[in-house]
Amino acid sequence: MTRWWAAIVGMLAASAAMAQDRTRLEVYSTLEIENLNDFKKAFEAENPDIEIQWNRDSTGVVTAKILAEQGQQRADAIWGLAVTSMLLLDQRGLLEPYAPKNLAAIKPAFRDPANPPAWVGMEAWVAAVCFNTIEAGKLSLPKPQSWFDLLDPRFKGKLTMPHPASSGTGYFHVSAWIQMFGEARAWEFMDRLHDNIAVYEHSGTRPCRQAAAGEFPVGISYELAAASARQKGAPIEGLMMKEGGGWDMDAAAILRGTKKPEAARRLMDFAASRRANELYASFVSQVAMAGIASNIPDYPAGVAESMIRNDFAWASENRTRILSEWTKRYEGKAAKK
């Protein structure tokens with residue numbers, strides 16, 4: 001019994017020592033908590049000497065934190081932030097370029113073209129309208145096929161959409177409308193859309209959740225939120241507008257100034273790996289690596305075809321100007337934080 005107890009004590013001491021020796025890597029992300037749990041488990045299984053400490057928030061908040069911390073970074077890396085934000089951070093010199101081991105397998109559109117890249121893409125999400133067929137039927141609302149259909153006075157007070165300063169989804173809608181329609185026509189469109197908007201929410205998912213709950217019949221959101229609502233039994237159709245729509249992608253990067261560069265590089269290697277892309281494909285359709293199937297139940301049709309030729313560099317360079325103008329015009333209907 002004494003030997004057995006000594007062995008147990010020894011094993012516990014060894015485990016405690018190993019835990020103390022683990023490198024704690026602080027990582028910013030905007031992804032859903034359930035996805036982060038899967039990422040952490042998979043990464044740490046392959047890298048048992050590293051522990052991920054997540055720092056999760058919305059796109060606008062994470063971007064603002066990193067900009068505010070520049071020169072004194074709190075975190076070591078980013079795993080899941082909109083590429084438009086990544087471009088802004090890169091312009092400010094806040095990212096440490098690194099070429100992951102599997103970089104050659106990443107689609108060209110899903111990586112920074114610089115060598116080595118400052119960021120590497122993960123997966124994309126795409127503009128969609130979440131349409132509650134039951135609630136819309138009660139109100140005799142037509143099913144929209146065009147963004148301009150949402151300007152119909154019958155939709156007044158019946159629409160919600162994400163706030164572009166808080167949500168990456170909200171910003172890609174606004175920047176895409178400007179790219180598609182031209183500056184003057186886009187602001188005219190948004191002026192008229194604003195008349196029909198009930199509230200601008202500080203989340204890309206919330207407008208679809210509101211539509212699913214019947215709070216509002218229509219939520220401007222993205223295709224994965226629509227699929228998730230349908231999977232949970234909500235009478236939601238994810239609609240692609242005939243003009244196409246905006247999209248953004250999540251990306252991973254190392255923050256310049258990290259005191260744990262070797263661990264951060266291993267995180268990037270994993271984030272660009274086939275295993276990680278298989279994890280991405282469990283909750284999205286458009287991933288960074290070719291040849292990985294994604295079979296998401298109730299996923300809307302025509303998503304890939306609806307993705308506009310998105311100028312991410314332009315969207316990033318003009319972000320401050322666009323958000324300033326948007327806020328001046330429409331902030332009055334923003335949800336309270």
In residues 286-304, what donor-acceptor pairs under 3.5 Å come from side-chain atoms, sequence neighbours left out?
from	atom 1	to	atom 2	distance (Å)
S294	OG	A281	O	2.8
S294	OG	V284	O	2.5
Y299	OH	E223	OE2	2.8

Side chains of [X] and [Y]: closer than 4.5 Å at any heavy-atom pair?
X: L94; Y: I66; result: yes
X: L81; Y: L31; result: no
X: M122; Y: F110; result: no
X: W326; Y: Y171; result: no
X: Q53; Y: K40; result: no
X: W177; Y: E183; result: no
X: W79; Y: I52; result: yes

Just jot down the ring pair (Phe, Tyr, Trp, His ring centres under 6.0 Å) partners of [X], sequence neighbours excluded, or say none.
X: W187; answer: none
X: Y280; answer: F39
X: F216; answer: none

Test of understanding: with side chain to side chain donor-acceptor pair (under 3.5 Å), list the residues that count as partners of [X], not counting sequence neighbours.
X: W247; answer: none
X: R24; answer: none
X: S316; answer: none
X: S146; answer: E243

[X] atom [atom1]: more than 12 heavy-atom contacts under 6.0 Å:
X: K41; atom1: NZ; value: no
X: K107; atom1: NZ; value: yes
X: R192; atom1: CZ; value: no
X: E331; atom1: CD; value: yes

Is there a path of hydrophobic side-chain contacts, each under 4.5 Å between heavy atoms, that joins V129 and F181?
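Yes, V129 connects to F181 through the hydrophobic network.
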Quick check: is M161 connected to V126 through a chain of hydrophobic side chains (ILVMFWY, heavy atoms under 4.5 Å apart)?
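Result: yes, single cluster for both.
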Spacing of D248 atom CG and M307 atom CE [to the nearest 0.5 Å]
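So the CG of D248 and the CE of M307 are separated by 10.0 Å.
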Straight-line distance of L139 CG to R154 CZ, nearest 0.5 Å:
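One finds 11.0 Å between CG of L139 and CZ of R154.
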Qualifying salt bridge (charged side-chain N to carboxylate O under 4.0 Å, His left out) pairs with a residue from residues 306-319, counting only residues at least two apart or across chains
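Sorted pair list comes back empty.
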Name all residues meeting the salt bridge (charged side-chain N to carboxylate O under 4.0 Å, His left out) criterion together with K143; count only those two or more places apart in sequence or in a different chain, and write none if there are none.
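For K143 the salt bridge (charged side-chain N to carboxylate O under 4.0 Å, His left out) partners, ignoring immediate neighbours, are E237.
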Taking the inter-plane angle between the rings of F189 and F148 on a 0 to 90° scale, is it parallel (under 30°), tilted (30 to 60°) or perpendicular (over 60°)?
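It falls in the perpendicular class, over 60°.
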For the residue pair H194 and Y200, does the interplanar ring angle fall in the parallel (under 30°), tilted (30 to 60°) or perpendicular (over 60°) class?
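Parallel, since the angle between the ring planes stays under 30°.
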Just checking, any donor-acceptor pair under 3.5 angstrom between side chains of T30 and D57?
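Absent: no donor and acceptor within the cut-off.
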Pair R321-N318, side-chain donor/acceptor within less than 3.5 Å
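Short answer, yes.
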Can you pull the side chain to side chain donor-acceptor pair (under 3.5 Å) pairs that have at least one residue in residues 126-139, sequence neighbours excluded?
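Of all non-adjacent pairs touching residues 126-139, those that pass side chain to side chain donor-acceptor pair (under 3.5 Å) are E135-K138.
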Does the pair [X]/[Y] count as a salt bridge with the N-to-O cut at 4.0 Å?
X: D191; Y: R329; result: yes
X: D195; Y: K333; result: no
X: R265; Y: E262; result: no

Quick one: list whatever passes side-chain contact (heavy atoms from CB on, under 4.5 Å) with R74, sequence neighbours left out.
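R74: side-chain contact (heavy atoms from CB on, under 4.5 Å) contacts with E26, Y28, N55, E69.
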Evaluate the criterion side-chain hydrogen bond (donor to acceptor under 3.5 Å, both in side chains) for residue pair D38 and S282; output intermediate values, then yes/no.
CA-CA 10 Å; D38 291 340; S282 69; 5.4 Å; no
Taking H173 as the fixed residue, which of Y222, W147, W125 is the one that meets the ring-ring contact (aromatic ring centres under 6.0 Å, His included) rule?
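When ring-ring contact (aromatic ring centres under 6.0 Å, His included) is applied between H173 and each of Y222, W147, W125, only W147 qualifies.
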